[in-house]
Amino acid sequence: MGQPVVETTDLTKVYDGFTAVDKLNLRIDEGEMFGFLGANGAGKTTTLLMLLGLTEPTSGSVRVGGKDPTREPIEVKRLVGYLPERVGFYEDMTARQNLFYTAELNRIRRAEADERIASLLGTVGLSEVADHPVNTFSRGMKQRLGIADIWVKEPKLAFLDEPTTGIDPNGVDDILKLISDMGKKGITIIFCSHLLPQVQKLCSRVGILAKGQLVADGAIDRLGRDAAGAGRYRMEAEVDAAQPAIVDVIRRVEGVRDVEMTGNVLGITADKDLRGQISRAIIDSGALLVGMRVEEYSLERIYKRYSKEA
Amino acid sequence: MYAVFRKELADHISSMRFIILFLLVFLSAMFAIYIAIQTIRSVVGPTTEFIFLKLFTTSGENLPSFLFFLSLFIPIVGIALGFDAVNSERSSGNLSRLMSQPIYRDSVINGKFIAGLTVLGIMILGVVLIVAGLGLRIVGVPPNGEEVVRVLAFVAVSIVYGGFWMALAVLFSVFFKRTATSMLASLAVWIFFFFFLTVIVGAVANAVAPVDANSSIEMIVRNATLEGSLARISPCTLYGEAIVALLTPEVGSVNPTLLVLSSYSGRMANPLPLMDSLLLIWPQVVTIIALCAICFGTSYIRFMREEVRSI
Ligand SMILES: Nc1ncnc2c1ncn2[C@@H]1O[C@H](COP(=O)(O)OP(=O)(O)O)[C@@H](O)[C@H]1O
Ligand SMILES: [Mg+2]
């Protein structure tokens, strides 16, 4: 376990009577890739704004890198690269000029900035259009430029707000790849999205926000299990020819709670991942094990439930 | 702040807006010169002092002087340079990005304001130099030291005045989300002060202290004093008084009361010395600076605590 780089305590934001973020307690460790899920209007952007000091919390406290963003906004902004929802650039300036301006605002020396920007534009696949004005760019290109833009300052943390919204599927893959590379470099990432599959693909841990409240927070696989099987594992084993006796054989394996058979497929509920023991039991019983897998409980069920409510 | 300043300055100078504004001001300068050439011979007698200053102040029969053009265009230029300072950043989605960089919020406003002021300064100084240069060739009388100081002071006051309109436009750009709204609001304020206020002030003064053909001097003075003080809530009036005092030293006063009196008594034979002129306009200049500071302060207060959300 590393240090918490983002920590909020009872963080609340109220807009004239309407509670957008409600007593949020988040703790994100260094190097983590945190998926911040929630339907539109759940309060994700508002939370990010408070983490950056771009809006003041109504109550509660925030620490980013140990600093209070309201009191020490500059220090926090030095650490964090923020990719806003629907990021915008100076349309008449070229991609390179836009990044250069960011470098200047971060007081990066010219020679260093030149080099860094050229290599970043290569990384995000914009080398060829580096000197074209941004108003000729597609949404996806702008979004990739946005990722290069937060990289210019070499941040310790990156807050990405809906980075894939409004982009075609190929573009989405490019962006997810860039984010995943960023994560591999050890940057702590908060990835806000209302799209579960993308978050699931990248993040080890998610928080689900609904109506400003954190309704789930944890590792993806654990959250899935919690949602579907009250903390239990579900496995499926396929055998060549199912004998009714095999059900009893598996039941006798320690930790197995329940077995049901449908055709050649056995549905097994257990306290933990018992694939090893179960496969031995099946083979010992004389049957042939054709395949076995742990049922992936997608978060979809809980996520759907909460998004509907919201 | 320096980075913001540099970018904004480069933006301004390469922008279409700047070129249009400059052409506008340049053409008006040409026009003013033309008028001055047409009429200056008839104004200037053998004993006339400050011939050089006449270049700026001489108007034709029905044609306005350079001063008039300038007092018309400075607010327009100021507004044009400031009305979209903040809200265009917001609507283009740049503000969130900008505000997440390690810079102070006020440095964004400061950088933009100083860049605008620089452009304004270049423009005014440029036009005045053009008029002075061309005028010099035509009139053939070089300015003396006092005239140079007066012209420079005039340039400085003009920049301050333009700065006020820019600060007002920046203020509206902070308050209104749409650039069209902030532009119209700024123009509305200008039109009010420039065109309507004199009418309103005249009406109020006449209602409070009516005058007619039989009125005594006291009554006329009262009317004029009232009108003068009321008109001074307008930065246009303040600027007008200041530049008249600077460029026409023989007028001798910005005070309408004294003007009225002197036109009765035939005073004001001698032009006012430079120091006196400067002292005379000092309150006006300070007031314009104060108005500018009020606009600026209000922009700060609003902008510093405002939520920066991409829309
Ligand atoms: N300035 C504001 N004034 C009032 N309500 C707001 C304001 N900004 C956001 N909200 C409300 O707060 C809620 C959360 O918004 P937001 O954080 O943008 O959600 P998300 O990013 O998860 O889609 C929304 O219901 C929105 O309508
Ligand atoms: Mg959002």
Side-chain angles (χ1 to χ4, degrees), chain A residues 13 15 20 45-46 48-57 69-70 72-93 97-108 110 113 134-135 139 142-143 145-146 149-150 152-153 155 157-159 161-162, chain B residues 1-20 81 84-112 114-116 173-174 177-179 300-311:
Chain A
K13 178 76 187 182
Y15 288 113
T45 303
T46 310
L48 286 193
L49 294 183
M50 288 190 284
L51 293 183
L52 278 161
L54 294 181
T55 191
E56 282 179 39
T70 311
E72 299 173 279
I74 305 292
E75 277 71 22
V76 169
K77 285 164 186 173
R78 249 192 271 282
L79 297 176
V80 182
Y82 171 49
L83 181 63
E85 212 169 343
R86 269 162 292 176
V87 62
F89 290 92
Y90 296 103
E91 298 272 318
D92 296 337
M93 284 162 55
Q97 285 167 340
N98 267 291
L99 295 190
F100 204 85
Y101 186 40
T102 304
E104 245 183 316
L105 293 172
N106 282 282
R107 296 169 190 279
I108 299 169
R110 189 166 186 116
V134 174
N135 58 25
R139 192 67 242 164
K142 277 186 199 166
Q143 208 65 252
L145 185 58
D149 186 61
I150 56 178
V152 165
K153 66 162 103 161
L157 298 100
F159 297 168
D161 199 353
E162 310 265 2
Chain B
M1 190 191 85
Y2 181 64
V4 179
F5 167 75
R6 261 198 20 204
K7 176 194 162 286
E8 292 298 323
L9 191 62
D11 269 8
H12 278 317
I13 289 176
S14 61
S15 73
M16 205 57 208
R17 195 185 297 177
F18 176 77
I19 296 167
I20 292 173
L81 291 172
D84 62 350
V86 174
N87 50 13
S88 72
E89 298 274 345
R90 200 196 305 275
S91 56
S92 65
N94 272 306
L95 196 63
S96 301
R97 220 162 44 80
L98 198 57
M99 286 295 132
S100 66
Q101 307 306 334
I103 50 167
Y104 290 101
R105 285 199 187 191
D106 54 351
S107 57
V108 173
I109 296 191
N110 289 348
K112 278 171 176 276
I114 295 173
S173 87
V174 171
K177 304 282 178 237
R178 292 174 41 131
T179 53
Y300 274 153
I301 292 168
R302 175 64 187 255
F303 188 59
M304 292 310 260
R305 308 205 48 197
E306 195 186 35
E307 174 171 302
V308 181
R309 184 184 282 269
S310 57
I311 32 175

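Quick note on labels: first sequence line is chain A, next is B, and so on, each numbered from 1.
- Rounding to the nearest 0.5 Å gives a distance of 9.5 Å between OG of B:Ser96 and CG of A:Asp161.
- With a threshold of 4.5 angstrom between heavy atoms, B:Glu306 approaches chain A through N, CA, C or O but not through any side-chain atom.
- Contacts of A:Tyr101 classified as ring pair (Phe, Tyr, Trp, His ring centres under 6.0 Å), with partners at least two apart in sequence or in another chain: A:Tyr90.
- Although no hydrogens or angles enter the test, the distance criterion places a donor-acceptor pair under 3.5 Å between the side chain of B:Arg97 and the main chain of A:Gly88.
- Between the CG atom of A:Leu54 and the CG atom of B:Leu95 there is a distance of 8.5 Å, given to the nearest 0.5 Å.
- For residues 101-108 of chain B, the interface with chain A (any heavy-atom pair closer than 4.5 Å) comprises B:Gln101, B:Pro102, B:Ile103, B:Tyr104, B:Arg105, sorted by residue number.
- Applying the ring pair (Phe, Tyr, Trp, His ring centres under 6.0 Å) criterion to A:Phe100, with sequence neighbours excluded, gives no partner residue.
- To the nearest 0.5 Å, atoms CG (A:Leu48) and OG (B:Ser100) are separated by 11.0 Å.
- Side-chain contact check for A:Thr45 versus B:Arg309: some heavy-atom pair is nearer than 4.5 Å.
- Heavy atoms of other residues, nucleotides or ligands lying less than 6.0 angstrom from CZ of A:Arg139 number more than 12.
- Across all their heavy atoms, B:Ala3 and A:Leu105 have their closest contact at CB-CD2, 3.9 Å.
- Residues of residues 5-13 of chain B lying within less than 4.5 angstrom of chain A, judged on heavy atoms, are B:Arg6, B:Lys7, B:Asp11 in numerical order.
- Enclosure of atom CZ in B:Arg178 is not indicated, since only 12 or fewer non-hydrogen atoms of other residues, nucleotides or ligands lie within 6.0 angstrom.
- No side-chain heavy atom of A:Thr46 sits less than 4.5 Å from a side-chain heavy atom of B:Glu307.
- Of the atoms belonging to A:Lys142, not a single heavy atom falls under 4.5 Å from chain B.
- Within 6.0 Å of CG in A:Asn135 there are more than 12 heavy atoms belonging to other residues, nucleotides or ligands.
- With a 4.5 Å cut-off on non-hydrogen atoms, A:Asp149 touches chain B through its side chain but not through its backbone.
- Looking at A:Glu104, the atoms closer than 4.5 Å to chain B (heavy atoms on both sides) sit in the backbone and in the side chain alike.
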